[in-house]
Amino acid sequence: MRPYEPTAVHMVAQAGIARTFQNIRLFGEMTALENVMVGRHVRTKSGVWGAVFKTRAERNEEMGIRRRHSNCSSTWASCSTPTTRRARSPTATSAASRSRARSPPDPKLLALDEPAAGMNATEKIGLRTLLVNIRNDGKTILLIEHDVKLVMGLCDRVTVLDYGKQIAEGLPGEVQRDKAVIEAYLGAGHG
């Protein structure tokens, strides 16, 4: 057995794998749109020198990114919020908007670490809609989430862990009826 060899981040991104983090750390001095644009850097070709010297290729890439993300039909941007909110500081926007602001662009596989954390019921509905749109766009989502209602209403397959140990896997309905899951999350006597 070979020892674990970490993969370089740029190789993971080039393979089409992206993730978001539970703790949202945005650039507070940048607008929500600018924070979204940061995630596009892995898809640009003009490089550091293009950015430093503001070459035509770099300017064209940036205009394309702005156009794409200022268009409110964009799946990945936080621009499901009104135009006036896109210009605001990300700290002035909702938890839902902040979590989407750093979603990496166009992955084949998107891993989300507790995206509903800190959201109210209305924001969770918006998150669910966004995730359904991403899935319908042919993307695969790996969702790590404690909100059982969101998971059961969204996921095709569910894996349940109890203190890091897998105790169930299957279709949402099957997992909900699993005795080990019921015991772990509701306590003995609820099965």
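All values below were derived from every heavy atom in this structure, side-chain atoms included, with hydrogens, water molecules and symmetry-related copies excluded. Nothing here was measured: the structure is a model prediction, and the numbers come from that model.
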Under 3.5 Å: donor-acceptor pair, side chain of N120, backbone of T122: yes

Would you mind reporting whether L112 and I144 have side-chain heavy atoms less than 4.5 Å apart? no

Please check this pair: side chain of R177 against backbone of I182, looking for a donor-acceptor N/O pair closer than 3.5 Å. no

In R66, E61, R67, the residue satisfying side-chain contact (heavy atoms from CB on, under 4.5 Å) with M63 is R67

E62 side-chain N/O to R59 backbone N/O, donor-acceptor pair under 3.5 Å: no

Are Y185 and V175 in one and the same hydrophobic cluster, where Ile, Leu, Val, Met, Phe, Trp and Tyr link if side-chain heavy atoms are under 4.5 Å apart? yes

Look only at the side chain of E114 and the backbone of H146, and say whether a donor-acceptor pair between them is shorter than 3.5 Å. no

Side chain to side chain, L110 and T140, heavy atoms closer than 4.5 Å: no

Surrounding CZ of R157 (heavy atoms of other residues, nucleotides or ligands, distance under 6.0 Å), is the total greater than 12? yes

Are V132 and M152 connected, step by step, through hydrophobic side chains (Ile, Leu, Val, Met, Phe, Trp, Tyr) whose heavy atoms are closer than 4.5 Å? yes

Of all heavy-atom pairs between L143 and C155, which one has the smallest distance, and what is that distance? CD2-SG, 3.9 Å

Donor-acceptor pair, R19 side chain versus L109 backbone, under 3.5 Å? no

